[in-house]
Amino acid sequence: MKVQDIKEIAQRMDISCGKLKKGELIRLIQSKEGNIACFDSGQSSQCGQGGCLWAEDCS
């Protein structure tokens, strides 16, 4: 997913994007959704969130 798309999602959730990196922003979105903030943490095989919106870009 492109960073601009992620920023749009964040803005709809009232999350200030500022100068956050892609991973930081996604983890904030995950937390706000009530999910584990595990994006790009090396836990993708263990997180149990296979249907996650970010799964394609995660490692």
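Residue numbers run from 1 in the order of the sequence given. The basis for the numbers below is simple: all heavy atoms, side chains too, and nothing from hydrogens, waters or symmetry mates. Just so you know, these numbers come straight off a predicted model, no measurement behind them.
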Test salt bridge (Lys or Arg N to Asp or Glu O under 4.0 Å) applied to Asp40 and Lys22, step by step: CA-CA 10 Å; Asp40 204 22; Lys22 179 180 179 177; over 6 Å; no

Value rounded to 0.5 Å, distance of NZ in Lys2 from CD in Glu8: 11.0 Å

Enclosure of Lys7 NZ (heavy-atom neighbours >12, cutoff 6.0 Å): no

Pairing residues for Leu28 by the side chain to side chain contact (heavy atoms under 4.5 Å, CB included) criterion, not counting sequence neighbours: Ile15, Leu20

By side chain to side chain contact (heavy atoms under 4.5 Å, CB included) - contacts of Ser31 (at least two apart): Ala37

Minimum side-chain heavy-atom gap Leu25-Cys17 below 4.5 Å: yes

Student check: side-chain heavy atoms of Ile26 and Ile6 closer than 4.5 Å: yes

Passing option when Ile29 is tested against Glu33, Lys32, Arg27 for side-chain contact (heavy atoms from CB on, under 4.5 Å): Glu33

Side chain to side chain contact (heavy atoms under 4.5 Å, CB included) assessment of Leu53 paired with Gln30: CA-CA 9 Å; Leu53 180 62; Gln30 288 178 312; over 6 Å; no

